[in-house]
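Bear in mind that the values here come from a model prediction, so they are computed numbers and not experimental data. Keep in mind that the numbers below use all heavy atoms, side chains included, and drop hydrogens, waters and symmetry copies.
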Amino acid sequence: MEIAFDAIGIEITNETAFNNLAEDVEKRGEASYLTRKTGVLHGRCLKLGAGLEIWTVLYETGAGAISYADCRPAFRARFSQKISPWILTESDEEGKAIVHGFLEDRDTEVLFELQNLTEVGGDIFKQNSLPIGLCGLASSAKIVAAEKPYWNFSDEIVLNVGGDENAWSLCGEVIDFEILRNQFSGTDLYWLYLDLGELKLEILVNRRVLQGDEIKAGNFIRAEIWLQGHIVEETAKRFGYEGVDRSARTIDFWKQFKRNN
């Protein structure tokens, strides 16, 4: 998990640093919760800007006992897609939710850790088609010569849904890219939008990790990633708000204050 934190520009050097980060998120993160049969999951999301996030989850039993469950890095994807069919496997005590599904009308398989389980209402899970945003947090990435795109499990072991098999190997062509800065740590990152053939996927790479020449559209990237994602729906969109919508005209705001003399 320390490697996944590195992909969003956070360096975790030891257990103390990890615990201090989790405590900071608990204090400053936006709160959300989800009631389960056995208790309540309390989520905290600390937004670092540009879509970068850190999540913690606390589990409260029906008797009121609270236990720390998880702290993990996240990036809220810019593009959304739908999966159908899909299944969700939860481990409340560990604060984890794994989603396994297939891109709608395609055979492309995805397995990822769901970040915003506590943001979304229960009705979302009744849908046959689930809108999601996916982003891979890269532990390694390299610019390579043009080669056939691929999208594979990093481990050839047979898929065991609910496990930790959300590690993938990929190769794809760069459609678009952007340099992001983690304002919390001052670290520069690459946001890359890749065409993998089977799907288009966003990945996040620490700038110092990316090997090869200067990045540009049309490059091919080979990477190892930890796949994570968010459910995209109205409640989650409100939680994802990070600032002024620059597409809106200022004059439209002032019209609301017009009055007759």
Side-chain angles (χ1 to χ4, degrees), residues 3-4 7-8 51 73-89 96-116 124-125 127-178 180 189-206 209-212 215-233 236:
I3 294 176
I8 71 164
F75 181 80
R76 204 168 289 250
R78 300 178 180 183
F79 298 99
S80 63
Q81 47 201 320
K82 291 185 177 182
I83 54 174
S84 179
W86 62 276
I87 60 173
L88 171 73
T89 304
K96 291 185 178 181
I98 303 295
V99 176
H100 177 217
F102 294 83
L103 295 188
E104 195 169 62
D105 301 324
R106 304 184 69 176
D107 294 329
T108 303
E109 187 175 27
V110 294
L111 178 76
F112 64 96
E113 183 155 347
L114 177 61
Q115 301 286 17
N116 65 334
I124 194 75
F125 302 112
Q127 299 183 19
N128 293 327
S129 179
L130 190 67
I132 59 169
L134 293 175
C135 181
L137 305 185
S139 57
S140 64
K142 184 178 182 180
I143 300 172
V144 297
E147 62 178 87
K148 184 177 180 180
Y150 61 80
W151 170 243
N152 299 321
F153 288 116
S154 290
D155 196 334
E156 296 298 329
I157 297 175
V158 176
L159 177 64
N160 174 24
V161 176
D164 294 324
E165 297 87 353
N166 50 324
W168 297 79
S169 297
L170 60 84
C171 181
E173 183 178 0
V174 177
I175 303 171
D176 196 6
F177 71 95
E178 184 178 334
L180 305 180
L189 315 167
Y190 279 118
W191 170 84
L192 305 176
Y193 189 40
L194 305 179
D195 184 353
L196 307 180
E198 294 185 50
L199 77 160
K200 293 180 174 63
L201 182 71
E202 301 169 51
I203 72 170
L204 208 64
V205 186
N206 194 309
V209 170
L210 181 62
Q211 301 179 39
I215 189 71
K216 61 183 179 180
N219 283 150
F220 278 75
I221 301 291
R222 188 186 301 153
E224 303 290 327
I225 66 163
W226 178 72
L227 190 61
Q228 55 87 65
H230 297 70
I231 292 175
V232 181
E233 51 93 53

(message) I'd like to know whether T108 forms a side-chain contact (heavy atoms from CB on, under 4.5 Å) with F102, so could you lay out the CA-CA distance, the side-chain angles of the two residues, the decisive distance to 0.1 Å, and finally the verdict.
(response) CA-CA 5 Å; T108 303; F102 294 83; over 6 Å; no
(message) Is there a side-chain contact (heavy atoms from CB on, under 4.5 Å) between L170 and I203? Walk through the geometry before answering.
(response) CA-CA 10 Å; L170 60 84; I203 72 170; 4.1 Å; yes
(request) Apply side-chain contact (heavy atoms from CB on, under 4.5 Å) to the pair I225 and L204, showing each step before the final yes or no. (result) CA-CA 9 Å; I225 66 163; L204 208 64; over 6 Å; no
(message) Test side-chain contact (heavy atoms from CB on, under 4.5 Å) on V99 and I87; report intermediate values, then the result.
(response) CA-CA 6 Å; V99 176; I87 60 173; over 6 Å; no
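Scanning both residues, W226 and A4, for their nearest heavy atoms gives CE3-CB, 4.0 Å. The two residues P73 and L137 make their nearest non-hydrogen contact at CG-CD1, 3.9 Å. Residues I83 and L103 share a closest heavy-atom pair of CG2-CD2, 4.0 Å. The two residues F220 and C171 have their closest heavy-atom pair at CD2-SG, 4.4 Å.
Side chains of L114 and I98 form no contact here, defined as non-hydrogen atoms less than 4.5 Å apart. In this structure, the side chains of L130 and K82 stay at 4.5 Å or more apart for every pair of heavy atoms. Using a 4.5 Å heavy-atom threshold, the side chains of L111 and E109 count as separate. Residues I231 and N116 form a side-chain contact, since some pair of their non-hydrogen atoms from C-beta on lies under 4.5 Å apart.
Residues forming a side-chain contact (heavy atoms from CB on, under 4.5 Å) with E202 (at least two apart in sequence, or on another chain): F75, A77, R78, F79, C135, W191, Y193. Listed by chain and residue number, R72, Q228 satisfy the side-chain hydrogen bond (donor to acceptor under 3.5 Å, both in side chains) test with Q115 (two or more places apart in sequence, or in another chain). Among residues two or more places apart in sequence or in another chain, the side-chain contact (heavy atoms from CB on, under 4.5 Å) test is passed with V174 by F177, L194, I215, N219, I221. In this structure S140 satisfies the side-chain contact (heavy atoms from CB on, under 4.5 Å) test together with E224, sequence neighbours excluded. Every residue meeting the salt bridge (Lys or Arg N to Asp or Glu O under 4.0 Å) condition with E147, not counting sequence neighbours, appears here in chain and number order: R222.
In this structure a side-chain-to-backbone donor-acceptor pair under 3.5 Å is missing from W168 to F112. At least one donor-acceptor pair closer than 3.5 Å links the side chain of N166 to the backbone N or O of L227.
Note on residues 191-200: no pairs pass salt bridge (charged side-chain N to carboxylate O under 4.0 Å, His left out), not counting sequence neighbours.
Judged by distance alone, the side chains of E104 and S84 never bring a donor and an acceptor atom under 3.5 Å apart.
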